Amino acid sequence: MTAPTDVPIAPDARLHVATHGSAAEPGATGRAGAKAILLGEHAVVYGRPAIAIPVNALGVEAHAQPAEGRGHLASTLFHGPIARAPERLHVTLTAVRAALAAAGRPGAALDISIDSSIPAERGLGSSAAVSAAVIEAVLGACGFAADDETMHELIQTAERAAHGAPSGLDARTVRARAAVWFDQGRIEPVSVGRDLVFVIADTGVRGRTREAVAAVAQRRESDPRAVEAALDELGALATDLRSDVSTGDREAIGSAMSRAHVLLTGLGVGDPALDHLVQAATAGGALGAKLTGGGRGGCVLGLARDAASAAELGDRLTRAGAAAVWTTTVEGAA
Ligand code: MEV
């Protein structure tokens with residue numbers, strides 16, 4: 001292994017030598033944020049477009065530095081030698097290995113710490129965000145930084161370990177700090193006409209993205225016409241939503257969200273706990289509400305009329321049994 005003071009030579013044309021950091025402070029930090037899918041989850045796996053928003057209140061920071069001996073991992077899920085990390089950390093370990101391989105240091109021993117406020121398995125992009133932060137930190141500790149495409153490919157390597165055939169939506173959006181339009185693997189910024197205030201409520205039930213994605217695939221095999229019709233409608237809703245977001249038509253956005261919840265439930269990725277919070281959000285004045293992310297648990301995303309009603313909506317969802325509630329605002333031109 002190259003000593004930390006050696007000048008690194010990028011092993012991969014798409015990596016470049018990092019310019020940050022100093023010999024006095026060995027190691028590097030990586031960061032990523034949570035995301036919520038406004039519309040298009042699952043349909044995006046079948047080539048339809050989606051819109052996602054950042055959840056600014058939640059994020060992850062990872063730090064990596066050359067280890068004295070064997071590498072250690074410090075996270076809320078595990079503290080100890082990386083070699084003894086449990087199976088449930090296999091996505092994170094895949095991210096570490098992918099970054100080390102890209103840096104040309106497959107056997108390097110690093111101490112890695114992960115500090116995340118994103119609840120795991122709640123549809124808020126925790127796995128992709130942790131992978132993104134860890135990959136950035138590991139590459140940085142080896143003296144490199146990656147361009148956007150290389151980062152994306154590395155995060156996708158870890159996401160494939162999470163659930164087989166990820167669309168790339170999560171990998172792209174956990175590094176984007178604004179609302180994005182995702183189509184055919186690429187993102188573009190979405191123009192936002194007016195501030196949109198969202199409330200996110202956690203059912204407390206672990207989302208099961210891998211199972212949910214597999215369930216949609218199975219249903220598509222057994223009932224292709226119905227599933228394709230639902231996917232087409234979700235795609236059309238996302239396309240219309242993009243212009244509703246750009247004009248700031250909150251009523252239209254809310255109604256598209258509520259329709260998406262019905263379609264997603266019909267695809268088999270709903271859950272009674274999600275329906276309960278969607279109903280509570282609607283009764284509490286949300287303009288629309290839906291599950292967000294893989295479903296079968298996880299979170300509900302509701303659109304509030306404005307910031308004041310978002311606070312009331314949050315209280316209402318807490319009283320309805322939400323395990324946690326967050327508010328996130330997507331800032332518009334007006
Ligand atoms: C998970 O956050 C989003 C899904 O559409 C899966 C994917 O896009 O890979 C359910």
Side-chain angles (χ1 to χ4, degrees), residues 32-55 58-60 91 94-95 116 118-132 152-176 179-187 198 200 202-203 205-220 227-228 230-235 237-239 241 256-257 260-261 263-271 274 290-301 326 328:
K35 62 84 192 146
I37 300 172
L38 179 52
L39 212 143
E41 52 275 270
H42 290 289
V44 79
V45 174
Y46 299 96
R48 274 63 166 196
I51 297 181
I53 57 169
V55 181
L58 302 172
V60 49
V91 175
T94 304
S116 178
I118 311 174
E121 299 172 323
R122 297 298 201 279
L124 299 180
S126 168
S127 75
V130 169
S131 296
H152 179 68
E153 282 166 30
L154 292 171
I155 301 166
Q156 279 290 80
T157 303
E159 282 291 275
R160 277 189 278 278
H163 69 93
S167 66
L169 174 63
D170 289 13
R172 293 266 184 222
T173 52
V174 295
R175 301 179 66 238
V180 292
W181 168 256
F182 178 92
D183 195 14
Q184 308 298 322
R186 314 242 138 233
I187 51 169
F198 294 96
I200 297 162
D202 184 357
T203 59
V205 177
R206 280 173 188 270
R208 287 164 282 149
T209 301
R210 182 184 275 277
E211 272 178 40
V213 169
V216 175
Q218 222 167 46
R219 197 168 282 221
R220 189 163 166 264
V227 170
E228 284 299 321
L231 298 174
D232 281 344
E233 190 176 343
L234 285 164
L237 283 173
T239 304
L241 187 65
M257 290 170 69
H261 183 74
L263 291 167
L264 288 164
T265 305
L267 287 175
V269 300
D271 182 89
L274 288 165
K290 62 182 277 289
L291 68 86
T292 187
R296 295 208 159 182
C299 289
V300 159
L301 178 71
W326 304 272
T328 194

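All values below come from the heavy atoms of this structure, side chains included, with hydrogens, waters and symmetry mates left out. Treat the numbers as computed from the prediction; the structure is a model and nothing was measured. When a ligand or atom number is given, it counts from 1 through the structure's own listing order.
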Trace of the salt bridge (Lys or Arg N to Asp or Glu O under 4.0 Å) decision for R208 with E121: CA-CA 7 Å; R208 287 164 282 149; E121 299 172 323; over 6 Å; no
Considering heavy atoms of the protein only, find what lies nearest to [atom] and give residue, atom and distance to 0.1 Å.
atom: atom 9 (O) of ligand 1; answer: S167 N, 2.8 Å
atom: atom 3 (C) of ligand 1; answer: I37 CD1, 3.7 Å
atom: atom 2 (O) of ligand 1; answer: D170 OD2, 2.9 Å
atom: atom 6 (C) of ligand 1; answer: H163 CE1, 3.7 Å

What atoms of ligand 1 come closer than 4.0 angstrom to any heavy atom of [X]?
X: P166; value: 9 (O)
X: V44; value: 5 (O), 8 (O)
X: E41; value: 5 (O)

Pairwise distance OH(Y46) to CG(D232) - rounded to 0.5 angstrom: 13.5 Å
Whether R219 side chain and G266 backbone form a donor-acceptor pair below 3.5 Å: yes
Polar side-chain atom of K290 near backbone of I37 as donor-acceptor pair, under 3.5 Å: yes
Winner among R48, H42, R172 once heavy atoms are compared against atom 5 (O) of ligand 1: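 It is H42 whose heavy atom sits nearest to atom 5 (O) of ligand 1.
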Ligand 1 contacted by E159 (non-hydrogen, < 4.0 Å): no
Sub-4.0 Å heavy-atom approach of V269 to ligand 1: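 No.
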Student check: side-chain heavy atoms of L274 and V269 closer than 4.5 Å: no
Shortest non-hydrogen separation from A238 to L39 and the atoms involved: N-CD2, 3.8 Å
E233 and R48 ion-paired at < 4.0 Å: no
